[in-house]
Q: 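Here it is, the structure in full.
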Amino acid sequence: MNKYLLAASILSANFSYLGKEINDVIIAGIDIIHFDIMDNHYVPNLTIGPIVLKSLRDYGIKNLIDVHLMVKPVDNLIISCAKAGADYITFHPECSDHIDRSISLIKKYGCKAGLAFNPSTSLHYLDYIMDKLDLILIMSVNPGFGGQKFIPNIFNKIIQARKIINQNKKNILLSIDGGININNINKVARSGADILVLGSTIFKNSLSYKKIIKQIKIELK
Ligand code: DX5
Ligand code: ZN
């Protein structure tokens, strides 16, 4: 079994045939679909929402979908994304007035809960909610756009987050999002990641999805 899970951030996919793009990367070896929702308010970009998520489920996409909510406020979209077929729902603490309540809402609607940390957001938000979390998402770029450069001091943050998770009895997945490429993926993984989120490295590449994912898996061996 693979030690690491690969997630495709569909932000860099071709939205004119998104269902096919997702099927193609799954066939090529992707484990999880990372579904970025942006609101042009919390982040300076606008993407897709629960209607598109539901249409992908209706189209037959069965893989795990982690919805990465970059929207403020967040609670209404938690409910609509859960109803549309999300498995994990991950939000930023800055987007909720009551973090514990938003996590409970995710659980109430049958999904697993993730908390996302911007490059400058402290991990102290974890202090009182670790027992309720299923996933921690560390952003290695500022949220809003694909194709940005990995911020190097995030390696230390990943190591720190891994330590915190290991001290906790619960199994929490550590996902890293932003700027991961063929040159740094091994170091990101060794720093403590479980899930590696890849956008432009997969979708904006001259190689076929099969070839690039094969190369990535070799890097992770
Ligand atoms: C950025 C998004 C990321 C992004 C990753 O706000 O959350 O998921 O799409 O794209 P790459 O891998 O190109 O940095
Ligand atoms: Zn993301």
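Note that ligands are numbered from 1 as they come in the structure, with each ligand's atoms numbered from 1 the same way. None of these values were measured; they are calculated from a predicted model.
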Q: Honestly, is K187 close enough over F155, meaning NZ or CZ under 6.0 Å from the six-membered ring centre and within 45° of the axis?
A: yes

Q: What protein heavy atom lies closest to atom 9 (O) of ligand 1? Include the residue and the distance to one decimal.
A: S9 OG, 2.8 Å

Q: Within a 6.0 Å radius of atom CG on N171, are there more than 12 heavy atoms belonging to other residues, nucleotides or ligands?
A: no

Q: Counting only heavy atoms from other residues, nucleotides and ligands, does the tally under 6.0 Å from CD1 of I218 exceed 12?
A: yes

Q: Starting from atom 14 (O) of ligand 1, what is the nearest protein heavy atom, named by residue and atom, and what distance separates them?
A: G179 N, 2.8 Å

Q: Which heavy atom of the protein is the closest neighbour of atom 8 (O) of ligand 1, given with residue, atom name and distance?
A: D177 OD1, 2.7 Å

Q: State yes or no: are the ring centers of H68 and F35 separated by less than 6.0 Å?
A: no

Q: May I ask you to identify the nearest protein heavy atom to atom 13 (O) of ligand 1, giving residue, atom name and distance to one decimal place in Å?
A: S200 OG, 2.5 Å

Q: Looking at K170, I want to see if its NZ is surrounded by more than 12 non-hydrogen atoms of other residues, nucleotides or ligands under 6.0 Å.
A: yes

Q: Please state whether K204 comes within less than 4.0 angstrom of ligand 1, counting heavy atoms only.
A: no

Q: With a cut-off of 4.0 Å, which atoms of ligand 1 are near a heavy atom of G147?
A: 11 (P), 13 (O), 14 (O)

Q: Quick check on contacts: which atoms of ligand 1 are under 4.0 angstrom from a heavy atom of H68?
A: 7 (O)

Q: Measure from the side-chain N and O atoms of D134 to the backbone N and O of A113, and report whether any donor-acceptor pair falls under 3.5 Å.
A: yes

Q: If we ignore hydrogens and angles and just use 3.5 Å, is the side chain of N168 paired with the main-chain N or O of I165 as donor and acceptor?
A: no

Q: Nearest protein heavy-atom contact for atom 6 (O) of ligand 1: which residue, which atom, what distance?
A: G144 N, 2.7 Å

Q: Looking at atom 2 (C) of ligand 1, what's its closest protein heavy atom, distance included?
A: D36 OD1, 3.6 Å

Q: Which residue supplies the protein heavy atom nearest to atom 10 (O) of ligand 1, what is that atom called, and how far is it?
A: G146 CA, 3.7 Å

Q: Below 4.0 angstrom from a heavy atom of H34, which ligand 1 atoms are there? Numbered from 1 as shown, please.
A: 8 (O)

Q: What is the closest protein heavy atom to atom 1 (C) of ligand 1, and at what distance does it sit?
A: F145 O, 3.5 Å

Q: Run the numbers for me: atoms of ligand 1, each under 4.0 Å from some heavy atom of M38, listed by number.
A: 6 (O)

Q: Based purely on interatomic distance, does V197 place a nitrogen or oxygen under 3.5 Å from a nitrogen or oxygen of ligand 1?
A: no

Q: Within a radius of less than 6.0 Å around NZ of K108, do more than 12 heavy atoms belonging to other residues, nucleotides or ligands occur?
A: no

Q: At a 4.0 Å threshold, what atoms of ligand 1 neighbour a non-hydrogen atom of P143?
A: 6 (O)

Q: Which protein atoms of type N, O or S are found under 2.8 Å from the Zn ion (ligand 2)?
A: H34 NE2, D36 OD1, H68 ND1, D177 OD2

Q: Please tell me if the side chains of I48 and F15 come closer than 4.5 Å, counting only heavy atoms from C-beta onward.
A: yes

Q: Verify, without hydrogens or angle tests, whether T47 (side chain) and M38 (backbone) share a donor-acceptor contact under 3.5 angstrom.
A: yes

Q: Identify whether the distance between the nearest side-chain nitrogen and carboxylate oxygen of D97 and K72 falls below 4.0 Å.
A: no

Q: Please list, in number order, the atoms of ligand 1 under 4.0 Å from a heavy atom of M70.
A: 6 (O), 7 (O)

Q: Could you tell me whether K112 and D87 have a side-chain N and a carboxylate O separated by less than 4.0 Å?
A: no

Q: Below 4.5 Å, heavy atoms only, C-beta onward: do L137 and L174 meet side chain to side chain?
A: no

Q: Any side-chain to backbone donor/acceptor pair from N40 onto L46? Under 3.5 Å, distance only.
A: no

Q: Which of the atoms in ligand 1, numbered in the order shown and given with their element, are less than 4.0 Å from a heavy-atom of G178?
A: 14 (O)

